[in-house]
Amino acid sequence: MEYISTRGNSPAMGFADVTLAGLAPDGGLFVPEHWPRFSLEEIAAMRGLPYAHLAAKIMAPFVAGSLSETETLELCEEAYGSFSHKGVTPLTQLDQQHWILELFHGPTLAFKDVALQLVGHLFEKFLSGSDKSLTIVGATSGDTGSAAIDAVAGRDHIEIFMLHPHERISDVQRRQMTTILAPNVHNIAIKGSFDDAQAMVKRMFSDSEINGPLQISAVNSINWARLMAQIVYYFYSALQLGGPARPIAFSVPTGNFGDVFAGYVAAQMGLPIERLIVATNVNDILFRALTRGDYSKGEVYQTASPSMDIQISSNFERLLFDLEGRDGSTTGARMKWFEQMGKMVLSTDLRRHASIFSAARVDEDEMLRTMNMTHQDHAMIIDPHTAIGLHAAQNRGLPSDIPVVTLATAHPAKFRDIVEKATGQRPALPSRIGNLFEREERFETLKADYDIISQYILKNASNRH
Ligand SMILES: *Cc1c(COP(=O)(O)O)cnc(C)c1O
């Protein structure tokens, strides 16, 4: 498979190069040159496969030319072997219509592990035997950082610098990053928002003073390999609920539009999906874009679902590219405009092609109430992000014969204070992260200033060419 840029100005590249590069040289995002498609018979034949086997099948068309089927399966088995549940992403029934897809059984307790455990192995595979080395520079709203650090800590040829917004992530989230003392791991707290951090990371890619002496790479969900790994659980859960013979709806708590875009890709690949509910918190750029065509960046509010405190959703560019007939020059011009003006308008006509999506905006009270009710009515403790997805799912009014799967994106123990406030229960940390609060922390706190951050990285990187 060859990959092209959403901005139409980069040469086509294979899967291995796209994984290592992260962002396309023209500032766009990589997408496969076409969506591979399975027939309903082919999808039905995947029913009952163990997770890693299903993953290798779904990924096969995307990795063709870079990995054989056996290699892909081996990498998936290693990646998903680190999960604490045999089913990797088990499904739990809530009531007649609603299901919870538990994506938090990886080492750092959020769905980011599903993608990043694999990406860690992919990096190692593609770098081994070469004299190449990579410097990963990332921005995290909380969960990407810990999952990425866990996936690459101690690995050869890779160094990681992770930026997080100072004091805007939970203590568990911070400690999961800052207590990893491997010499190839560097944590930076910036005095600003996630969007500030993300903007700086993006700028470093096009800054030859940095991305020259260092070969930098991305692990944010702009990296195609991450999205690819997330497609798998849409198939996996649909197959358990009667798919592909009947359509399934999914509700996805959303920030950067990565997870829900993976659902869109599953649909393009032939999986019958009735609806993808894009559930945001009060940071509602996606809600506004999909309901009114108003994609304009707003102020970022701090909420109890910090992994979704985002007002620019990087992966939305991938959807725009499709909606505009996969014309990179149009998307490129649109994104340049957005970068200058901070807003763009999506016409009704353009949005008509996005009818698989519906959007919901869930505020703090609704989120708390959903956590509380889910505990009372179903004796189930869910995390605040999941609660946003579930609230949206329960209020969508989908026909009662359509199963609705809410993606549970984090373990409730990651957000213990807010869970306790909503339910009166303080979830215990699972034993696999046991002594988190006794471990030593290490991180640097820096001003949200591009020159300060980029110079810090340049000075502290050991993988200089
Ligand atoms: C990252 C994250 C999200 C948002 O996912 P996107 O792919 O950015 O839309 C939602 N919930 C949790 C717990 C997360 O870590």
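Numbering of ligands and ligand atoms starts at 1, following listing order.
Distances between N or O atoms of Gly258 and those of ligand 1 include at least one value under 3.5 Å. The shortest N/O to N/O separation between Lys112 and ligand 1 falls below 3.5 Å. Below 3.5 Å of separation, one finds an N or O of Asn256 facing an N or O of ligand 1. The shortest N or O to N or O distance between Gly255 and ligand 1 is under 3.5 Å.
Taking the six-membered ring where tryptophan is involved, the planes of Trp224 and Trp35 are tilted, since the angle between them lies from 30° to 60°. Ring planes of Phe443 and His166: tilted class, angle from 30 to 60°.
Tyr236 and Tyr51 have their aromatic ring centers within a separation under 6.0 angstrom. Aromatic rings from Phe15 and Phe62 are positioned such that their centres are separated by 6.0 Å or more.
Numbered from 1 in the order shown, with element, the atoms of ligand 1 that lie under 4.0 Å from a heavy atom of Ala410 read 13 (C). Which parts of ligand 1 touch Phe257 is read off a 4.0 Å heavy-atom cut-off, strictly below it: atoms 9 (O). The contact set between ligand 1 and Thr254, taken as ligand atoms under 4.0 Å from a residue heavy atom, comprises 9 (O). Listed by atom number, the atoms of ligand 1 under 4.0 Å from Pro253 heavy atoms are 4 (C), 10 (C). Close approach of ligand 1 to Asp143 is summarised as follows: ligand atoms under 4.0 Å from at least one heavy atom of the residue are 12 (C), 13 (C), 14 (C), 15 (O).
The existence of a salt bridge linking Glu167 and Arg174 is excluded, since no basic side-chain nitrogen approaches an acidic carboxylate oxygen closer than 4.0 Å.
In terms of protein heavy-atom proximity, atom 12 (C) of ligand 1 is nearest to Thr409 OG1, 3.4 Å. Scanning the protein for heavy atoms near atom 7 (O) of ligand 1, the closest one is Asp259 N, 2.9 Å.
Of the heavy atoms in Lys414, none comes closer than 4.0 Å to ligand 1.
Relative to the six-membered ring of Phe257, Arg318 misses at least one condition, a distance below 6.0 Å or an angle of at most 45° to the axis.
Nearest heavy-atom pair, Phe321 versus Ser5, reported as atom, atom and distance to 0.1 Å: CE1-O, 4.1 Å.
At least one heavy atom of Phe111 lies less than 4.0 angstrom from ligand 1.
With respect to Glu324, the side chain to side chain donor-acceptor pair (under 3.5 Å) criterion is satisfied by exactly one of Thr330, Thr6, Thr331: Thr331.
Side chains of Tyr80 and Val232 form no contact here, defined as non-hydrogen atoms less than 4.5 Å apart.
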